[in-house]
There are 2 protein chains.
Amino acid sequence: MIGTAMPAPTDSHTLLRRAGLRSTPQRQTVLDLLGDGDHRHLTADDIWRAAASRHPSFNRSTAYRVLEQLCDAGIVQQTRFGDSAHFEIAGAPQRHYHLVCRSCGSIENLPSDGLADITGRMARQHGFTIRSVDLTIEGECRSCRRGVSPRV
Amino acid sequence: MIGTAMPAPTDSHTLLRRAGLRSTPQRQTVLDLLGDGDHRHLTADDIWRAAASRHPSFNRSTAYRVLEQLCDAGIVQQTRFGDSAHFEIAGAPQRHYHLVCRSCGSIENLPSDGLADITGRMARQHGFTIRSVDLTIEGECRSCRRGVSPRV
DNA sequence: GTCTCTGCAAAGCCTTTGCAACGCT
DNA sequence: AGCGTTGCAAAGGCTTTGCAGAGAC
């Protein structure tokens, strides 16, 4: 258990309560991590590790459970890149897609940019009701193509 | 081992040899399964099960290994829907995308339909070199929306 | 005959589950 | 106080790996 050393209720507290969820330190921590500008597109394990570094008793299964609940509540969304699931705040900044760099693993967000028209038309032609659209482009990012690896 | 009861070399034999791979009964079987009109978008396990029903000694790990090799050779392509990887003959019938029905699990192919222009433009704006594009639309297919379940 | 591939069995990884204690409301 | 949550530990499912024998060329 994380105990009383947790930060006072923040935005994430309100967010949770509004979604009808109990506001626990664990859930707040996960939301805070995903909300951080530097921490988008994290895997469940990334999130657990970051959370555990703040609160050593944070359990891995809790990370999975919290993420599942937040997804169910529509607060977080899950995308599968390659072999592992990545999580991010839902609809941030709006419907968007992903550019995944094969060299450095970076993931950039891509604004919708009129894609909805096309997918809508495609789906209509097939009598298909759209629930979600996932577009992922894999390749090499600008930095890597120049031979500069932003991370690695 | 599958032994001498295997079908004579077919198209798949030539395909394999052209890719610089040895033509083994196992590889031919996997290719044949994926080539069958009814057997598109199979998981590794689907493929193994179907292969094993033809040749009981067909090992599960062989299915995984063969699929990996065929992917590396560019003969087969892998896509991840939800929780599991699906395999299909690469570029069949050409670049295409997927409509996945959440009710019945059916997977329909979707022709490219001018999507390449959009993705190309998106990537160019980000200085990104495209290696692959994956578009998956999830929702409900025509039959399921009508309340008719094609399978299940 | 050589070098690769396969079958077998075991391990690995990510994720889920059962249960009792804990803590949010 | 009551019921949802968490930590812990163990199991589960899919996938990979090491090895020796079998097979393709």
Side-chain angles (χ1 to χ4, degrees), chain A residues 1-10 12-31 42-49 51-52 54-73 78-87, chain B residues 1-10 12-31 42-49 51-52 54-73 78-87:
Chain A
M1 272 106 263
I2 285 176
T4 53
M6 285 298 299
T10 60
S12 40
H13 173 78
T14 328
L15 193 57
L16 288 164
R17 306 275 25 227
R18 229 178 288 166
L21 296 171
R22 287 194 181 175
S23 173
T24 68
Q26 290 84 348
R27 288 174 177 167
Q28 287 169 31
T29 303
V30 169
L31 278 178
L42 298 169
T43 65
D45 203 64
D46 290 339
I47 290 163
W48 169 69
R49 237 176 301 211
R54 296 190 186 183
H55 310 289
S57 67
F58 200 117
N59 194 271
R60 190 189 255 114
S61 56
T62 302
Y64 281 96
R65 278 188 288 223
V66 165
L67 286 168
E68 188 189 1
Q69 292 151 350
L70 294 177
C71 284
D72 288 348
Q78 180 180 9
T79 317
R80 300 193 91 92
F81 299 126
D83 288 352
S84 45
H86 288 243
F87 298 85
Chain B
M1 273 106 268
I2 285 176
T4 52
M6 288 297 300
T10 60
S12 40
H13 173 78
T14 327
L15 193 57
L16 287 164
R17 306 275 27 225
R18 231 179 287 168
L21 295 171
R22 289 193 178 175
S23 172
T24 68
Q26 290 83 347
R27 289 173 178 168
Q28 288 170 31
T29 303
V30 169
L31 278 180
L42 298 169
T43 66
D45 203 64
D46 290 339
I47 290 162
W48 168 68
R49 236 176 300 211
R54 296 190 186 180
H55 310 287
S57 66
F58 200 117
N59 194 272
R60 190 189 256 115
S61 56
T62 301
Y64 281 97
R65 277 188 290 224
V66 165
L67 286 167
E68 188 190 2
Q69 293 151 351
L70 294 176
C71 284
D72 289 347
Q78 181 179 9
T79 317
R80 300 193 90 93
F81 299 126
D83 288 352
S84 46
H86 288 244
F87 297 85

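Proximity of A/L70 to A/L16: side-chain heavy atoms (C-beta onward) are separated by under 4.5 Å at one or more points. At least one side-chain heavy atom of B/R22 sits under 4.5 Å from a side-chain heavy atom of B/R27.
Distance B/E68 CD to D/dT17 P: 8 Å, rounded to the nearest Å. Between the CZ atom of B/F58 and the P atom of D/dA22 there is a distance of 19 Å, given to the nearest Å. Whole-Å rounding puts the A/Q69 CD to C/dT16 P distance at 12 Å. The separation between A/R18 atom CZ and C/dT25 atom P is 15 Å, rounded to whole Å. A straight line from CG of B/L16 to P of D/dG23 spans 18 Å, rounded to a whole angstrom. Summarising the geometry, the separation between CG on B/L21 and C1' on D/dA24 is reported as 12 Å, rounded to the nearest angstrom. Summarising the geometry, the separation between CG on A/L70 and C1' on D/dT5 is reported as 13 Å, rounded to the nearest angstrom. Atom-to-atom, CH2 of A/W48 to C1' of D/dT6 comes out at 15 Å; the value is rounded to the nearest Å.
The base of C/dC3 lies close enough to the side chain of B/R22 for a donor and an acceptor atom to sit less than 3.5 Å apart. At a cut-off of 3.5 angstrom, counting only N and O atoms as typed in the model, there is no donor on one side facing an acceptor on the other between the side-chain of A/R65 and the base of D/dG4. Donor-acceptor pairing under 3.5 Å, judged by distance alone, is absent between the side chain of B/T62 and the base of C/dC5. The base of D/dG7 has none of its N or O atoms less than 3.5 Å from a complementary donor or acceptor on the side chain of A/R60.
With the nearest nucleotide of DNA chain C identified for both B/G20 and B/P56, B/G20 has the one nearer the 5' end. Ranked by how close their nearest DNA chain D nucleotide is to the 5' end, B/T43 and A/A63 are led by A/A63.
Every pair passing salt bridge (charged side-chain N to carboxylate O under 4.0 Å, His left out) that includes a residue from residues 59-72 of chain A is listed here, sequence neighbours excluded: A/D45-A/R60.
Comparing C/dT15, D/dT15, C/dT6 by their nearest atom to the side chain of B/Y64 picks out D/dT15. If you check D/dC19, D/dG7, C/dT15 against the side chain of A/R80, the one that comes closest is C/dT15.
Interatomic distance, CD of B/Q28 versus OG of B/S23, reported as 3.5 Å (0.5 Å rounding).
Between the side chain of A/W48 and the main chain of A/F58, a donor-acceptor pair closer than 3.5 Å is present.
When heavy atoms are screened at a 4.0 angstrom cut-off, B/S61 is found touching base atoms of the nucleic acid. B/R27 comes within 4.0 angstrom of the backbone, heavy atoms only, and of no base.
Residue A/Q26 places none of its side-chain N or O atoms closer than 4.0 Å to OP1 or OP2 of C/dC24. Side-chain N/O atoms of B/T24 include one lying less than 4.0 angstrom from OP1 or OP2 on C/dT6.
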